[in-house]
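Since this is a predicted model, take the numbers as computed values, not measurements. Within every chain, numbering begins at 1; the chains are lettered A, B, ... in the order of the sequence lines, protein sequences first and strands thereafter.
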Amino acid sequence: MFDPYKVREDFPILKRKINNHPLIYFDNAATSQKPRQVIEALKDFYERRNANVHRAVHTLSLEATELYEEAHEEAAKFIGAESIEEIVFVRGTTEAINLVAYSWGLHNLKPGDEVLVTLMEHHSNIVPWEILSRIKGFRVKYADINPDGTLDYEALKGMLTSKVKLVCITHVSNVTGVINDVKWVAELAHEKGALVLVDGAQSVPHMSVDVQDVDCDFLAFSGHKMLGPTGIGVLYAKKEILEKMEPFHGGGEMIKEVSFNPETRTCTISWNTLPWKFEAGTPDIGGAVGLKAAIEYLSALGMENVKAHECNLTDYALKRLKECSKVIVYGPKDAKQKCGIIPFNVEGFNSHDVALILDSYGIMIRSGFHCAQPLHQKFKIPSSARASFYIYNTREEIDRFIEALKEIEESL
Amino acid sequence: MNAKPNLEEYIARIEEACGEEKDIIIHLKYEKKDEAINKILKRAKIEKTVAGIIFDLAYKGLSIRLYSTGKAIIKKAKDKNQARSILAELLL
């Protein structure tokens with residue numbers, strides 16, 4: 001049985017006090033806290049196993065290489081990828097999307113083509129395509145959302161013409177927590193001959209995601225949002241697509257051979273096998289070890305339990321927020337439609353005020369655009385406060401959050 | 001000879017908040033926050049106090065919300081430079 005109080009014992013930071021109050025960490029959509037199992041894995045790696053990976057013969061390198069490759073295997077298993085050839089380690093979701101933009105988009109998109117994104121995307125799934133469109137001359141189109149923050153599927157369907165070569169869609173909105181039916185989108189996109197990139201930054205840490213079931217062509221996610229260290233993330237891509245893609249960065253590790261011809265004075269270069277072809281330079285080996293520990297931790301909890309716990313917390317928070325007459329909640333009010341993210345504002349305060357006041361109660365939330373300015377423009381709001389939950393949050397913490405919000409309201 | 005105090009003695013960070021409001025967030029240095037808060041309260045006009053932990057202030061046409069935790073928001077400041085000038089007047 002899932003027990004958040006038992007889970008909390010694994011997170012040393014949750015014992016902290018901030019501004020003389022016990023820490024309540026509700027900024028999980030930005031980054032998650034780390035269990036001691038992840039911290040210990042990192043410590044053990046650097047204390048006992050640190051070496052560079054691949055192409056060395058000594059024992060330490062062999063051990064580090066095995067750990068690094070096991071991390072790929074764990075990530076592949078976690079999302080249902082066929083093999084580690086489909087798992088490229090990157091710095092995070094942003095780098096994964098940029099990798100697709102420059103390794104696939106740069107060579108496959110041309111004037112007349114279209115990339116379809118949605119208005120609820122994080123800037124990381126907008127800006128790389130806007131930058132590349134200026135280089136390659138294709139068009140970026142934006143599928144609209146409904147007033148409640150859900151995707152307008154009919155509008156998206158109408159925009160998905162044969163000109164669209166790639167659909168970029170977030171699985172879960174980082175602002176509203178809305179879960180998109182990416183499987184439906186992938187099926188529709190494939191019918192039109194387009195590929196599908198799913199931003200899984202807010203879904204993979206919080207629910208079971210199976211790339212075979214979704215049938216997406218690319219899936220990007222970050223380690224630090226799922227209990228892992230910062231600086232490590234994953235790009236999943238179908239093997240046949242990765243095989244045809246050009247490398248992103250050049251350098252060590254991604255090379256099979258660099259052969260100099262003294263007659264022509266040129267180099268002939270061949271790439272390493274997958275996934276190493278896309279992992280230039282010394283990778284974040286420690287980060288990979290930490291990510292592996294994080295995935296093992298989440299797998300042991302069970303992703304269905306993780307999702308159920310967050311859904312339960314979200315449902316409770318949405319119900320209790322109704323007691324706050326000056327709080328405006330954005331997005332769907334049905335917890336089943338979303339992950340544990342609640343955007344809101346308090347009448348009479350801007351979002352930064354709310355975040356700073358809650359900070360004085362030891363409650364950490366985020367304020368601003370959350371790197372999703374177009375979505376805020378759609379909602380016609382200057383910014384929002386955002387509370388986001390994870391496995392270690394409890395109903396008691398939500399009670400304290402509500403009481404603090406009531407005190408803010410009373411101060412008006 | 002005493003060195004002239006500078007802003008860095010009191011300020012840990014100045015951040016431009018994201019959002020249309022264009023607020024500037026000030027983080028006072030923890031060990032100097034009480035001294036800094038007292039200086040600011042003496043020089044700016046106190047418009048409203050909430051439970052002794054939040055102070056709504058006015059200074060040269062700008063609204064400032066100061067928190068006893070050592071943080072402040074300067075509302076609608078043009079940029080960080082203007083915020084620094086205001087803080088210099090209030091703190092030095």
Given that the side chain runs from C-beta out, which part of A:Asp353 has a heavy atom under 4.5 Å from chain B: side chain, backbone, both or neither?
both
Mark yes or no for whether A:Ser383, through its side chain, and B:Gly19, through its backbone, hold a donor-acceptor pair below 3.5 Å.
no
When heavy-atom pairs shorter than 4.5 Å are enumerated against chain B, which of A:Asn20, A:Asp359, A:Ile381 gives the highest number?
A:Asp359
Looking at chain B, which one of A:Ser351, A:Ser360, A:Gly368 has the largest number of heavy-atom pairs inside 4.5 Å, strictly under?
A:Gly368
Take a 6.0 Å sphere around NZ of B:Lys42 and say whether it holds more than 12 heavy atoms from other residues, nucleotides or ligands.
no
So what's closer than 4.5 Å to chain B heavy atoms on A:Ile357: side chain, backbone, both or neither?
both
Proximal component of A:His352, with respect to chain B [non-hydrogen, under 4.5 Å]:
both
The test is ring-ring contact (aromatic ring centres under 6.0 Å, His included); show your working for A:His123 and A:Phe369 and say whether it passes.
CA-CA 10 Å; A:His123 295 164; A:Phe369 283 141; 7.4 Å; no
Between A:Tyr390 and A:Pro205 (side chain of the first, backbone of the second, donor and acceptor by atom type, cut-off under 3.5 Å), is there such a pair?
yes
N/O donor-acceptor pair under 3.5 Å between A:Lys34 side chain and A:Gly228 backbone:
yes
